[in-house]
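Working notes for the structure below.
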Amino acid sequence: MNSKNKIPQKFYLSDDVINTSKLLLGKILVTNVNNKITSGMITEVEAYLGINDKASHTYNNKRTSRTEPMFSKGGIVYIYLCYGIHHLINIVVGKRDFPSAILIRSIKPVDGIKTMMERRNFKKLTKELTNGPGKLTKALGITMKYNSISLNSKKIWIENHNIIINKKDILSSSRIGVDYAGEDAKLPYRFYIKNNKWISK
DNA sequence: CCAGGGATGGACT
DNA sequence: GTCCATCCCTGGT
């Protein structure tokens, strides 16, 4: 929990979204909600690429008030509501008007586990606490109020704890729940840590 | 104003 | 493993 480990803003400016996605594995996503610190190691992500990716909200350069955060310069978060219930968090990356983002799909709890369990009404710590995009946001206390917030803020940020994920321990697959995207649904843009138990389904 | 949709979760066998 | 309820927000009118 040392803010000196906070990832520098330039990390989020690369246009190589696939590479940035892989680099996020093993990093620590932290929130401070009403002075309660909770965090988890990122174990699973999905890349959503710009305007040519049919699975992306910004496909065909769709620019609305909802998708606007994705068009901003990298280094902020894009939160949206899914199925009317679940808040999903994306890390916006790339230059301004390069609308790409990385969905955080799973984390391994690190700090504030008790708080996370309270938010989820869990009595026993199991992987179900944070092994899904809607689950981890609830555990971390993330709501729509976090939309568009900078990762350089006091409310949410990402730390580097020098956990090295070897290239051979990064697996990929097609993305989850994007069947509507036709051919693009098959793209191998989901990345996760091999043999880690904190992975969705 | 309102119809439609959805980057899922959880309950159940 | 399978099934299906979910319900607020979005965006076009």
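Proteins come first, then strands; the chains are lettered A, B, ... in the order of their sequence lines, and each starts at number 1.
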When both hydrogen-bonding distances must be under 3.5 Å and the geometry is Watson-Crick or G-U wobble, what is B/dA7 paired with, if anything?
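Pair assignment: B/dA7 / none.
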Nearest listed nucleotide, side chain of [X], among [options]:
{"X": "A/Lys135", "options": "B/dG10, C/dG11, B/dA7", "answer": "B/dG10"}
{"X": "A/Cys82", "options": "B/dG9, C/dT6, B/dA7", "answer": "B/dA7"}
{"X": "A/Leu103", "options": "C/dG11, B/dA7, C/dC7", "answer": "B/dA7"}
{"X": "A/Leu88", "options": "C/dC8, C/dG11, B/dT8", "answer": "B/dT8"}
{"X": "A/Arg105", "options": "B/dG10, B/dA7, C/dT10", "answer": "B/dA7"}
{"X": "A/Ser65", "options": "C/dC7, C/dG11, B/dA7", "answer": "C/dG11"}

Whole angstroms only, please: what is the [atom1]-[atom2] distance between [X] and [N]?
{"X": "A/Ile79", "N": "B/dA7", "atom1": "CD1", "atom2": "P", "result": "14 Å"}
{"X": "A/Leu136", "N": "B/dG10", "atom1": "CG", "atom2": "P", "result": "12 Å"}
{"X": "A/Ile199", "N": "B/dG9", "atom1": "CD1", "atom2": "P", "result": "13 Å"}
{"X": "A/Lys54", "N": "B/dA7", "atom1": "NZ", "atom2": "P", "result": "16 Å"}
{"X": "A/Asn121", "N": "B/dG9", "atom1": "CG", "atom2": "P", "result": "16 Å"}
{"X": "A/Asn90", "N": "B/dA7", "atom1": "CG", "atom2": "C1'", "result": "7 Å"}
{"X": "A/Ile85", "N": "B/dG10", "atom1": "CD1", "atom2": "P", "result": "9 Å"}
{"X": "A/His86", "N": "B/dG6", "atom1": "NE2", "atom2": "C1'", "result": "10 Å"}

Are any of [X]'s side-chain N or O atoms less than 4.0 Å away from OP1 or OP2 of [N]?
{"X": "A/Thr64", "N": "C/dT10", "value": "no"}
{"X": "A/Tyr180", "N": "B/dA7", "value": "yes"}
{"X": "A/His57", "N": "B/dA7", "value": "yes"}

Looking only at non-hydrogen atoms, find the nearest pair between A/Ala47 and A/Val17 and report the distance.
CB-CG1, 4.0 Å
Which part of the nucleic acid, if any, lies within reach of A/Arg120 when heavy atoms closer than 4.0 Å are counted: base, sugar-phosphate only, or nothing?
sugar-phosphate
What does A/Arg175 touch in the nucleic acid at a heavy-atom separation under 4.0 angstrom: a base, only the sugar-phosphate, or nothing?
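Contact class for A/Arg175: none.
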By nearest heavy atom, map A/Met144 and A/Tyr83 onto DNA chain C; which one lands nearer the 5' end?
A/Tyr83
Mark yes or no: [X] above the aromatic ring of [Y], with NZ or CZ under 6.0 Å from the six-membered ring centre and no more than 45 degrees from the axis.
{"X": "A/Arg190", "Y": "A/Tyr192", "result": "yes"}
{"X": "A/Arg63", "Y": "A/Phe71", "result": "yes"}
{"X": "A/Arg175", "Y": "A/Tyr48", "result": "yes"}

So which of A/Ile107, A/Val33, A/Thr130 actually passes side-chain contact (heavy atoms from CB on, under 4.5 Å) with A/Leu140?
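Option passing the side-chain contact (heavy atoms from CB on, under 4.5 Å) with A/Leu140: A/Ile107.
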Ring stacking, A/Tyr80 with base of B/dA7, under 5.5 Å and under 30°?
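No, A/Tyr80 does not stack on the base of B/dA7.
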Taking atom C1' in both C/dT6 and B/dG4, what distance in whole Å separates the two?
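Nearest-Å result for C/dT6 against B/dG4 at atom C1': 14 Å.
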Taking the C1' atom of each, how far is B/dG5 from C/dC4, in whole Å?
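Between the two C1' atoms, the distance is 16 Å.
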Ring center gap for A/Tyr80 and A/His57 short of 6.0 angstrom
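Distance test on ring centres: under 6.0 Å, yes.
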